[in-house]
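For reference, the structure is listed below as structure tokens.
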Amino acid sequence: MSTNDPKLQTTLADGRRLTLSLPPTDAPWAADGVAGLRPVPPTHTGRGDEPQPLPSRPALPLEVALLGLGA
């Protein structure tokens, strides 16, 4: 890929191909186009922790209010 190439192509771990193209722009931060992009290794692999199960009974209004406060 040359620095003037408007497309960036890569192959994902599962074999799918990904193509990224950027439209021409006069924005200073995008002056290099896709040449300014760099690959970043993944920080996480696999799944995270499982969410808590839903309660077996309907939630009371106070519990709903506390969930809204992040308690």
Side-chain angles (χ1 to χ4, degrees):
M1 177 177 81
S2 71
T3 57
N4 295 331
D5 190 358
K7 292 183 180 179
L8 180 69
Q9 296 180 349
T10 189
T11 302
L12 301 176
D14 61 1
R16 294 179 293 164
R17 297 207 29 99
L18 177 75
T19 302
L20 174 69
S21 61
L22 300 176
T25 181
D26 58 352
W29 57 268
D32 294 336
V34 294
L37 300 176
R38 62 183 172 83
V40 177
T43 57
H44 297 82
T45 57
R47 295 176 52 141
D49 296 334
E50 291 294 323
Q52 294 180 354
L54 294 174
S56 59
R57 58 175 175 71
L60 298 173
L62 178 61
E63 291 174 330
V64 173
L66 289 174
L67 287 173
L69 294 174

Sequence neighbours excluded, the answer for side chain to side chain donor-acceptor pair (under 3.5 Å) partners of T11 is R17

message = Quick check on D14: does its CG atom have over 12 non-hydrogen neighbours (other residues, nucleotides or ligands) under 6.0 Å away?
response = yes

Residues passing the side chain to side chain donor-acceptor pair (under 3.5 Å) test with Q52, sequence neighbours excluded, are none

